[in-house]
Amino acid sequence: MAHLEDLKEGALIKGIRPDGPVTIVNVKWHGDSVVELTYKDSSGRPGNELLFRDREPTIEVIEPGQSWSFDADAGMLRLVSEAYRIRMAYLFDPLLAVHTSLIDPLPHQITAVYEEMIPRQPLRYLLADDPGAGKTIMAGLLIKELMVPGKPLATFVCPGHPLLDATTDIILERYRNLLRQGAVFLNESDPSEDVRALFYIEHSVADARTDKRGERRVVSRQIQFVEIDEQGDSRNAGYAPYLDYRPFTEEERSLITPSLQQKWLHNDLESRATDYAITHLVPKHFKEVKDRKEELITKTIAAVKERLTKEIAYWDHRAEELKAQELAGKINARINSAKARVRADELQARLQNRLEELEKEKQLSPLPPVVMGGALVVPGGLLARLRGKRNDVPDLFARETKRVKQMAMQAVMELEKSLDYIPRDVSRDNCGYDIESTIPACGKLRFIEVKGRLQGAKTVTVTKNEILTALNKPDDFILAIVLVPPSDEGPGADPWQMGDPGLKYGTTLDGCRVYYIHRPFTKEPDFAVTSVNYEIRELLKIGQRGK
């Protein structure tokens with residue numbers, strides 16, 4: 001319980017909105033028993049409300065640093081996170097209908113829908129007489145794009161099942177507050193031993209247009225993920241990292257609980273995550289949206305001018321022609337010069353309005369990022385040590401893990417260069433692969449996920465995000481397995497990571513053996529699956545050395 005006098009600017013208040021705490025922006029008293037409260041909710045949306053004394057039992061001031069209890073159900077938080085991401089998909093995917101449909105449209109169909117039809121809204125009618133061009137597919141893509149929130153209502157001729165929308169709505173309505181409560185995840189595929197804090201950050205880009213409520217219209221919105229370690233170092237956690245994590249079992253939780261009492265986890269980590277997002281993630285998001293929108297708007301302006309200018313010229317000429325006929329005593333029963341002139345003026349006004357609207361669409365600006373949720377991430381290496389499966393000195397094991405990763409990356413980079421390709425290390429971006437290699441002859445990209453393993457290892461672990469990336473880019477994704485020779489100074493075989501030495505391989509680069517596996521995965525893992533262990537022998541059967 002809190003008193004109205006406790007409501008101060010910047011305070012975090014629980015009980016104002018049912019979907020989570022709000023941050024007070026301004027407090028204005030009316031007498032001594034009524035407060036006019038201006039606040040921002042967890043999404044950064046402003047709100048205004050009058051609070052009387054009878055509301056005091058229902059509100060609570062949350063002290064800084066205490067809003068994250070990290071005791072929510074991790075499995076449910078993972079589900080809520082995915083539901084929230086799905087509901088926001090239309091705001092950051094410019095080809096949403098293509099990516100969410102069970103079709104593979106041809107290039108001319110995408111061009112027709114996204115470069116011709118959508119820029120011409122409102123599109124009153126469309127005449128099509130081109131047998132075999134895929135008119136049904138194009139109509140379906142167009143109508144599906146018009147169905148997303150914020151766009152004109154449309155009826156889809158082949159509607160999808162509404163179960164997904166209903167499910168995500170119910171999940172978010174009931175459990176969205178778990179995002180601010182936080183939970184603890186286990187990252188089984190991470191061999192390190194340092195607990196990290198993960199924050200969900202929502203960032204939006206708006207243009208100069210306004211919606212019915214007078215608010216700036218959001219043209220793109222992303223959920224960005226930032227991880228912070230004990231040293232205060234922040235990094236981009238990649239795309240939907242929670243898909244690679246799982247909840248703890250009761251036995252595991254009892255082992256890990258003491259490690260979650262570290263003092264640094266209760267510091268003001270939100271501001272650090274926000275600062276990192278503003279410095280590194282927001283500019284990238286804004287540039288992507290700006291480049292895409294400016295290119296599209298430039299094409300749209302040219303198309304609008306060309307089309308409407310021709311129509312205006314036609315009706316101007318027609319008005320003058322009809323006027324001359326009327327002066328000569330020839331009256332047109334269907335249309336007169338006045339109506340033709342009105343039509344020309346209407347088109348001129350329409351052109352002006354459309355160009356003004358397009359100019360407003362070009363006036364983009366990034367909005368401040370907002371922390372939407374958080375979690376603690378415990379690496380599998382720490383759990384292995386707590387279980388007694390790892391006895392080596394932590395620093396020594398960390399150095400060996402780093403050595404294996406560096407040697408594997410260097411071997412693949414050198415191999416790509418030997419093939420006259422141009423590789424680039426993108427492992428820090430956590431985009432589902434480690435190396436982006438360009439083929440100079442055609443500009444095509446190869447996306448290579450590098451898995452470095454000590455010679456003698458039996459299995460390799462692949463995360464769910466890496467599998468999804470491979471399935472989304474089947475022709476361009478390569479799984480590179482690199483078998484690295486052991487170091488004389490390295491730790492012995494780690495039961496958590498290593499199998500019994502037994503396989504003998506030749507040498508290709510600096511003692512490393514590199515295998516490329518094309519199309520390594522055949523199906524998407526279930527939602528509950530965070531990573532998959534593959535037998536190296538089985539993968540190598542379908543692999544080709546350096547092709």
Side-chain angles (χ1 to χ4, degrees), residues 23 25-26 38 40-48 87-99 110-111 113-124 142 145-154 201-224 274-309 311-312 346-372:
T23 302
V25 176
N26 186 54
T38 303
K40 293 190 299 183
D41 65 12
S42 58
S43 300
R45 291 185 291 268
N48 187 265
R87 294 300 290 168
M88 281 179 46
Y90 75 94
L91 277 170
F92 61 82
D93 189 345
L95 301 178
L96 178 68
V98 174
H99 297 152
I110 296 177
T111 300
V113 173
Y114 291 94
E115 296 186 14
E116 297 295 335
M117 296 188 216
I118 291 180
R120 296 191 181 192
Q121 297 301 320
L123 191 64
R124 291 171 297 170
L142 173 64
E145 285 290 343
L146 296 181
M147 290 174 66
V148 301
K151 293 187 179 181
L153 294 177
I201 296 179
E202 181 182 291
H203 179 248
S204 303
V205 176
D207 60 21
R209 298 174 298 169
T210 57
D211 57 22
K212 295 179 179 179
R213 296 180 296 178
E215 298 178 359
R216 298 182 63 184
R217 185 168 297 182
V218 174
V219 297
S220 179
R221 182 176 290 149
Q222 283 186 351
I223 305 180
Q224 301 165 338
T274 303
D275 289 344
Y276 179 85
I278 292 175
T279 305
H280 297 87
L281 305 183
V282 169
K284 181 180 179 181
H285 179 208
F286 179 65
K287 184 179 185 303
E288 290 175 353
V289 176
K290 183 178 176 64
D291 292 345
R292 185 180 75 237
K293 292 290 289 186
E294 286 186 346
E295 181 182 1
L296 176 61
I297 292 172
T298 299
K299 291 182 179 179
T300 303
I301 289 176
V304 168
K305 284 183 176 180
E306 179 183 7
R307 184 178 74 255
L308 291 182
T309 300
E311 289 193 48
I312 292 170
E346 288 177 347
L347 289 171
Q348 183 64 48
R350 179 180 170 187
L351 173 61
Q352 185 64 30
N353 291 337
R354 183 65 175 130
L355 292 178
E356 290 177 357
E357 182 181 5
L358 289 171
E359 284 300 321
K360 289 182 178 180
E361 289 187 41
K362 290 178 65 175
Q363 299 174 26
L364 301 173
S365 59
L367 302 182
V370 179
V371 175
M372 298 295 300

Worksheet item: What pairs with Lys284 under side chain to side chain contact (heavy atoms under 4.5 Å, CB included), at least two apart in sequence or on another chain?
Response: Glu288
Item to complete: Not counting sequence neighbours, which residues clear side chain to side chain contact (heavy atoms under 4.5 Å, CB included) with Ser365? List them please.
Response: Arg216
Exercise: identify the closest heavy-atom pair between [X] and [Y]:
X      : Y      : value
Val205 : Phe286 : CG1-CD1, 4.0 Å
Lys360 : Arg209 : CB-CG, 3.9 Å
Thr298 : Glu294 : OG1-O, 2.7 Å
Thr309 : Leu351 : OG1-CD2, 4.3 Å
Ala277 : Pro283 : O-CD, 4.1 Å

Item to complete: Would you indicate whether the side-chain heavy atoms of Ile278 and Pro369 approach each other to under 4.5 Å?
Response: yes
Worksheet item: So among Lys293, Arg292, Lys299, which one has a side-chain contact (heavy atoms from CB on, under 4.5 Å) with Glu295?
Response: Lys299
Discussion item. Pair Leu281, Ile201 - check side chain to side chain contact (heavy atoms under 4.5 Å, CB included), show working.
Written reply: CA-CA 10 Å; Leu281 305 183; Ile201 296 179; 5.9 Å; no
Rounded to the nearest 0.5 Å, how far does [atom2] of [Y] lie from [atom1] of [X]?
X      : Y      : atom1 : atom2 : result
Asn353 : Leu358 : CG    : CG    : 11.0 Å
Ile297 : Asp207 : CD1   : CG    : 7.5 Å
Ser204 : His285 : OG    : NE2   : 7.5 Å

Worksheet item: Taking 4.0 angstrom as the limit, do Glu357 and Arg354 come out as a salt bridge?
Response: yes
Worksheet entry | Verdict with supporting geometry, Val219 and Glu361, side chain to side chain contact (heavy atoms under 4.5 Å, CB included) | CA-CA 9 Å; Val219 297; Glu361 289 187 41; over 6 Å; no
Practice prompt. Please check if the side chain of His203 supplies one atom and the backbone of Leu367 the other of a donor-acceptor pair under 3.5 Å.
Written response: yes
Worksheet item: Regarding Gln363 and Glu359, is there a side-chain donor-to-acceptor distance under 3.5 Å anywhere?
Response: no
